[in-house]
Amino acid sequence: MGSSSDQKAQLRKQALAERDHLPDAVRIEAALSAGALAGDLLSAAIVGGYWPIRSEFDPRPVMQALADGGARLALPAVLDDQTIVFRELIRGGALVPAGFGTMAPDETAAILQPDLLLMPLAAVDGAGNRIGYGAGFYDRYISRAQVRPKLVGLAFDAQRFDAIAAEAHDQPLDGLLTETGLHIFGHK
C-alpha cells in the first residue's frame with residue numbers, strides 16, 4: 001500500500017497532471033468567475049494570497065475583489081528553507097523573485113499577519129485535507145501564527161479527490177473556491 005508520503009506524492013502527481021491538462025480558456029474563466037464571487041463570499045481585513053505559477057488557479061481576480069472590498073493584500077516571501085512571511089502588496093510596489101517561480105514584495109514591504117489565507121494546492125478532499133507541493137511552508141506558517149487565519153484553497157474541481165490521508169502537521173482548509181463556487185468544510 002505504501003506510506004502516507006508515497007500516497008501523497010502519487011496523488012500530487014495525478015492532480016497536477018489533471019490541472020495541467022485544463023485548457024487555458026478554462027483556467028482563465030475559472031479565475032474570473034471566482035473573482036466575481038469572492039467579494040460576496042469572503043471577508044477579511046488582511047488577505048494573504050499568492051503569485052500563480054505554472055497551471056495554478058490564478059488568485060489575482062479574487063485578491064482584487066477582496067481589495068476592492070477594503071482588504072489589505074500580502075504575498076508570501078521565502079526567508080529560508082523553513083520559513084515564509086507575508087509582505088504587503090501595494091499597487092505599483094516593487095516585486096522581486098521569491099523562489100519557486102513566484103514573485104513577492106521586496107524586503108522594504110511591511111510584514112502582515114493575514115486573517116484569511118488563499119492557498120495554492122495540488123489536491124484536496126471533501127473534508128478540507130489538502131496536498132501542497134511538499135515543502136510544508138504553509139503548514140509551518142499556520143502552526144506558528146498567533147491567531148489561526150481562515151484557510152481557503154483555490155483549485156479546479158479536477159483537483160478534488162475522495163480522500164487524502166492527513167498527517168499530524170497538516171492544516172485542513174476551512175473552505176475551497178473553485179470554478180463551481182465556494183465549498184465550506186465542516187471541521188472545527
Side-chain angles (χ1 to χ4, degrees), residues 12-44 46-78 84-106 109 112 114-125 128 130-135 137-138 141-142 149-161 173-185:
R12 180 182 297 113
K13 183 178 177 181
Q14 180 183 347
L16 294 178
E18 292 283 339
R19 188 181 80 187
D20 288 346
H21 282 81
L22 292 172
D24 289 342
V26 169
R27 286 199 286 271
I28 291 167
E29 188 58 38
L32 293 174
S33 295
L37 293 171
D40 295 334
L41 300 175
L42 304 173
S43 64
I46 301 173
V47 176
Y50 61 92
W51 192 266
I53 58 172
R54 299 184 299 268
S55 61
E56 278 181 339
F57 195 104
D58 188 344
R60 292 174 292 187
V62 172
M63 292 167 60
Q64 183 62 55
L66 296 170
D68 290 347
R72 293 171 72 186
L73 301 178
L75 293 176
V78 177
I84 59 172
V85 295
F86 284 84
R87 292 193 174 133
E88 186 166 21
L89 176 64
I90 302 288
R91 181 174 226 121
L95 292 176
V96 297
F100 306 102
T102 66
M103 301 294 284
D106 68 18
L112 303 179
D115 54 332
L116 169 64
L117 280 183
L118 301 176
M119 299 179 63
L121 55 90
V124 62
D125 71 12
R130 63 178 262 285
I131 296 176
Y133 297 115
F137 284 109
Y138 280 89
Y141 175 83
I142 296 159
K150 181 188 285 186
L151 308 177
V152 175
L154 297 181
F156 303 99
D157 281 330
Q159 294 172 260
R160 297 174 76 178
F161 290 83
L173 298 172
D174 299 301
L176 176 68
L177 189 56
T178 73
E179 68 270 26
T180 58
L182 181 65
H183 313 273
I184 302 297
F185 301 112

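This is a predicted model, so every value here is computed, not measured. Here, residue 1 is the first one in the sequence, and each next residue gets the next number.
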TODO: Quick one: pull up CG in Leu73 and CD1 in Ile90 and give me the separation to the nearest 0.5 Å.
DONE: 8.5 Å
Task: Taking every non-hydrogen atom, the tightest pair across Ala109 and Arg87 - done: CB-CB, 4.0 Å
Task: Test item: Leu176 and Ile184 side chains (from C-beta on) under 4.5 Å apart, heavy atoms - done: no
- [ ] Kindly say whether Gly153 contributes a backbone atom to a donor-acceptor pair with the side chain of Arg130 at under 3.5 angstrom?
- [x] no
Open item on the list: A side-chain contact here means heavy atoms from C-beta on lying under 4.5 Å apart; do Tyr138 and Pro120 qualify?
Closed with: yes
- [ ] Go through the steps for Leu177 and Val62 under the test side chain to side chain contact (heavy atoms under 4.5 Å, CB included), then give the verdict.
- [x] CA-CA 10 Å; Leu177 189 56; Val62 172; 3.8 Å; yes
TODO: Measure from the side-chain N and O atoms of Arg12 to the backbone N and O of Ala123, and report whether any donor-acceptor pair falls under 3.5 Å.
DONE: no
Open item on the list: On a heavy-atom basis, which atom in Leu75 and which in Gly49 lie closest, and how many Å separate them?
Closed with: CD2-C, 3.9 Å
Open item on the list: Ring of Phe86, cation from Arg72 - is the NZ or CZ under 6.0 Å from the centre and inside 45° of the axis?
Closed with: no
Task: Closest heavy-atom pair and its distance - Ala71, Val47 - done: CB-CG2, 3.8 Å
Open item on the list: Can you list everything that forms a side-chain hydrogen bond (donor to acceptor under 3.5 Å, both in side chains) with Asp125? Sequence neighbours excluded, please.
Closed with: Asn129
- [ ] Specify the closest pair of heavy atoms between Leu112 and Tyr141, including all atoms of both residues, with the distance to one decimal.
- [x] O-OH, 4.1 Å
Open item on the list: Minimum heavy-atom separation for Leu118 and Met63, please, with both atom names.
Closed with: CD1-CG, 3.8 Å
Task: Any residue meeting side chain to side chain contact (heavy atoms under 4.5 Å, CB included) with Ala158, in chain and number order, not counting sequence neighbours - done: Glu18
Open item on the list: The criterion is side chain to side chain contact (heavy atoms under 4.5 Å, CB included); which residues satisfy it with Asp157, sequence neighbours excluded?
Closed with: Arg160, Thr178, Glu179, Thr180, His183
Task: Residues that Asp58 engages under side chain to side chain contact (heavy atoms under 4.5 Å, CB included), provided they are two or more places apart - done: Ala31, Pro52, Arg60, Pro61
- [ ] Any chance you could lay out the side chain to side chain contact (heavy atoms under 4.5 Å, CB included) test for Tyr50 and Thr102, step after step, and finish with the verdict?
- [x] CA-CA 8 Å; Tyr50 61 92; Thr102 66; over 6 Å; no
- [ ] Sequence neighbours left out, what passes salt bridge (Lys or Arg N to Asp or Glu O under 4.0 Å) with Arg19? Give chain and number order.
- [x] none
Open item on the list: When you measure from the side chain of Gln159 to the backbone of Val124, do you find a donor-acceptor pair of N or O atoms at a distance under 3.5 Å?
Closed with: no
Task: Backbone N/O of Ile46 and side chain of Asp115: donor-acceptor pair under 3.5 Å - done: yes
Task: Aromatic ring pairing Phe156/Phe57, orientation class (parallel under 30°, perpendicular over 60°, tilted between) - done: tilted
- [ ] Mind listing the closest non-hydrogen atom pair of Tyr133 and Glu56 along with its distance?
- [x] OH-OE2, 2.6 Å
Open item on the list: Once side chain to side chain contact (heavy atoms under 4.5 Å, CB included) is applied, do any residues pair with Leu151, and if so which ones, sequence neighbours excluded?
Closed with: Leu117, Met119, Ile142, Arg148, Pro149, Gln171, Leu173, Asp174
Open item on the list: Please report the interatomic distance CG(Asp24) to OG(Ser55), rounded to the nearest 0.5 Å.
Closed with: 9.5 Å
- [ ] Carefully, step by step, assess Gln14 and Phe161 under the rule side chain to side chain contact (heavy atoms under 4.5 Å, CB included).
- [x] CA-CA 10 Å; Gln14 180 183 347; Phe161 290 83; 3.5 Å; yes
